[in-house]
Amino acid sequence: MGKHTKRKAPYLPKVAAGAAPLALLFAAPATTALIAPAEAATLPLDLLPLPLDHQHDSSITRDLTSNSDAGTSASHGSVDVVRHDVYRKQVGAASVVSDLRHAAGGSHEDRDTTVTDPRGAPGTSRTTDDSQGARQSQVHMARLGKLVASAGNDQWLRRTETRALSVDSTAGAARTHEEERRLLGAGESSRHGVWFPERTDLLTENAERLDSGLARSATLDTGPSGEGRFAGDLGGSLDGARSSGQAVDFGEVAAFGTTSAQHGRGQFSGTLTAAKSGTLSQRLAGITNGTYEQAHVLGGHAGSVSGNVGTTQAANLANRASTDETPPRVDGDLTDSISGDLGIEHVMRVQGGTTTSVRGVLPDQPHATRVQSLSAGVADQPPVDLSPPALTL
């Protein structure tokens, strides 16, 4: 709400350093992977001589609407709050800039519908959507002559929930259906960089996130003679990931870097059905599965010589169970691979790798295979495939 610039009073809280999602690209100079040197730097604000230039922006946005048309009425409300602060200080050849942003908001919507089918049977439905979220980001930049440093971070949290309920009836029969979905997620990313004179850079980035979800639905049918049927579903998931990267760049002379990433996911789902027509019958079925994978890469170049090596591992397990005549079983597969290449520009290049896979359905015996690849090329000619045939273990 408004904007002003002022000289800062002689007290400032300590500001944490931090940054942004993983973006290291070995194919480009490392200085392009993060923020540009002209935009970067970091020093503790509370150690700087005052006064300090401070620019501040803040806003609050609110919205409330409602409407009704042809048997449908809806209402919507939302509020968003944003605060933005920029601190600047110049002392001789040294300068410092800190950019801080904070945001939070939420929304709520209700929708009610009343319908009548051609036979005159009434029906109603109601849907509700809720969402909330918060986010903050910081970028700190400092420059001393040709030396530049930067640090930044970003954190976020979000939550959403959706609920729906519908009721239909005709000739003594009725159906009630309900659904609900909930999502919750959080994450953080950071980056740091130092740019030295003569095109020497040190860069690092990392990011983490975690998401969870839960969904359920239920349907109940009842008849005029007391017969009925129920069907329900329940499912949930948990998903997490992290990544990181580090790089050092010596300009045209050499550059080296490494990245790693991990991702895991687990989920379950189940179905329950029951029917009553003189006797009661029911059936329960479900599935639970989980996956995990990770990858690591190390590479770089020195003059005309370049190379990299990488490994990946992945696992997937699924458990299926039911109360009918189908027996429970566990499906699974595991994969491990390593690959790399080494080359001298315009002279030669060699690439190779090995992948081992194990797959099976328990309690049956799993089977394994191994696939190897190898190729080589000289003087910028197309590579020659030297791979041996796949091997069953």
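Worth knowing before you read on, the calculation uses all heavy atoms, side chains too, and leaves out hydrogens, waters and symmetry mates.
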Chi angles and distances behind the side-chain hydrogen bond (donor to acceptor under 3.5 Å, both in side chains) call for Ser375, Asp385: CA-CA 4 Å; Ser375 63; Asp385 188 2; over 6 Å; no
Derivation and outcome, side chain to side chain contact (heavy atoms under 4.5 Å, CB included), residues Arg135 and Arg101: CA-CA 8 Å; Arg135 191 180 195 96; Arg101 297 174 184 267; over 6 Å; no
Arg159 and Asp130: CA distance, side-chain angles, deciding distance, salt bridge (Lys or Arg N to Asp or Glu O under 4.0 Å) verdict: CA-CA 8 Å; Arg159 172 189 173 274; Asp130 280 304; 5.6 Å; no
Full working for side chain to side chain contact (heavy atoms under 4.5 Å, CB included) between Tyr292 and Gln262: CA-CA 8 Å; Tyr292 176 78; Gln262 294 83 32; 3.5 Å; yes
Side chain to side chain contact (heavy atoms under 4.5 Å, CB included) evaluation trace for His84 with His102: CA-CA 7 Å; His84 182 204; His102 301 81; over 6 Å; no
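Annotation for Gly193 and Leu203: closest pair CA-CD2, 4.0 Å, computed over non-hydrogen atoms. Of all the heavy atoms in Ala315 and Leu334, the pair that sits closest is CB-CD2, 3.4 Å. The two residues Val358 and Ala368 make their nearest non-hydrogen contact at CG2-CB, 3.8 Å. Here the closest non-hydrogen pair linking Ser150 and Trp195 is OG-CZ3, 3.3 Å. The minimum heavy-atom distance between Ala254 and Asp249, with the atom names listed, is O-OD1, 3.5 Å. Across every non-hydrogen atom of Trp156 and Glu188, the tightest pair is NE1-N, 4.4 Å.
Between Thr127 and Thr113 there is no side-chain heavy-atom pair separated by less than 4.5 Å. A 4.5 Å side-chain heavy-atom check between Leu100 and Tyr87 finds at least one atom pair inside the cut-off. Residues Glu293 and Arg265 form no side-chain contact, since every pair of their non-hydrogen atoms from C-beta on lies 4.5 Å or further apart. Using a 4.5 Å heavy-atom threshold, the side chains of Leu210 and Leu238 count as touching. Annotation: side chain of Thr162 is not in contact with side chain of Thr160 (no heavy-atom distance under 4.5 Å). Within the 4.5 Å cutoff, no side-chain heavy atoms of Asp233 are placed close to those of Arg216. Side-chain contact between His54 and Val86: absent, with no pair of heavy atoms (C-beta onward) separated by less than 4.5 Å. Residues Arg181 and Leu214 fail the side-chain proximity criterion, which asks for heavy atoms closer than 4.5 Å.
Of the inter-residue distances, the one linking Ser237 atom OG with Asn289 atom CG reads 10.0 Å to the nearest 0.5 angstrom. For the atom pair Leu386 CG and Gln351 CD, the distance stands at 11.5 Å (nearest 0.5 Å). A distance of 13.0 Å separates CZ of Phe230 from OG1 of Thr222, quoted to the nearest 0.5 Å. Rounding to the nearest 0.5 Å places CD of Gln313 at 6.0 Å from NE2 of His296. The CD1 atom of Ile338 sits 8.0 Å away from atom CG of Asp336, with the distance rounded to the nearest 0.5 Å. Rounding to the nearest 0.5 angstrom, the gap separating the CD atom in Glu180 from the CG atom in Leu165 is 11.0 Å.
No side-chain donor from either of His76 and Thr65 sits under 3.5 Å from a side-chain acceptor of the other. The closest side-chain donor-acceptor pair between His177 and Asp168, if any, does not fall under 3.5 angstrom. A side-chain donor-acceptor contact under 3.5 Å links Ser107 and Ser131. Of the N and O atoms on the side chains of His108 and Asp129, not one donor lies less than 3.5 Å from an acceptor on the other residue. Remark: the Ser260 side chain and the Ser244 side chain contain an N/O donor-acceptor pair separated by less than 3.5 Å. Side-chain contact annotation: Asp341 with Asn308, donor-acceptor N/O pair under 3.5 Å present. A donor-acceptor contact closer than 3.5 angstrom links the side chains of Asp110 and Thr128. Between the side chains of Asp154 and Gln136, no donor N or O sits under 3.5 Å from an acceptor N or O.
With sequence neighbours excluded, the residues forming a side chain to side chain contact (heavy atoms under 4.5 Å, CB included) with Thr355 are Thr335, Ser337, Ser357, listed by chain and number.
With respect to Asp211 and Arg158, a salt bridge is recorded, a charged nitrogen being found less than 4.0 Å from a carboxylate O. Look at Glu161 and Arg182 and you find a salt bridge, because one of the NZ, NE, NH1 or NH2 atoms lies within 4.0 Å of a carboxylate O, short of that distance. No salt bridge links Lys89 with Asp53; every basic N to acidic carboxylate O contact stays at or beyond 4.0 Å. Of the charged side-chain nitrogens involved, none lies within less than 4.0 Å of a carboxylate oxygen, so that Arg359 and Asp331 do not count as a salt-bridged pair. Using a 4.0 Å cut-off between a side-chain N of Lys or Arg and a carboxylate O of Asp or Glu, Asp201 and Arg199 do not qualify as a salt bridge.
Hydrophobic cluster membership is shared by Leu202 and Val253, with clusters built from Ile, Leu, Val, Met, Phe, Trp and Tyr side chains linked at under 4.5 angstrom. Leu147 and Phe250 fall within the same hydrophobic cluster, where Ile, Leu, Val, Met, Phe, Trp and Tyr residues are linked whenever their side-chain heavy atoms come under 4.5 Å apart, directly or through other members. Taken together through direct or relayed side-chain contacts under 4.5 Å among Ile, Leu, Val, Met, Phe, Trp and Tyr, Leu144 and Val139 form parts of separate hydrophobic clusters. Clustering ILVMFWY residues whenever any of their side-chain heavy atoms sit less than 4.5 angstrom apart, transitively, puts Val81 in a cluster other than the one holding Leu64. In the hydrophobic clustering of this structure, Val309 does not group with Val350; members are Ile, Leu, Val, Met, Phe, Trp, Tyr whose side-chain heavy atoms approach within less than 4.5 Å, directly or through other members.
Judged by distance alone, the side chain of Thr258 and the main-chain N or O of Val297 form a donor-acceptor pair under 3.5 Å.
Other residues, nucleotides and ligands place more than 12 heavy atoms under 6.0 Å from the CZ atom of Arg209. Enclosure of atom CG in Asp69 is not indicated, since only 12 or fewer non-hydrogen atoms of other residues, nucleotides or ligands lie within 6.0 angstrom. Annotation: Arg163, atom CZ; neighbour count of heavy atoms from other residues, nucleotides and ligands within 6.0 Å is above 12.
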Show me the side-chain donor-acceptor pairs of residues 299-307 shorter than 3.5 Å, one per line, residues at least two apart or across chains.
from   : atom 1 : to     : atom 2 : distance (Å)
Ser306 : OG     : Arg349 : NH2    : 2.9

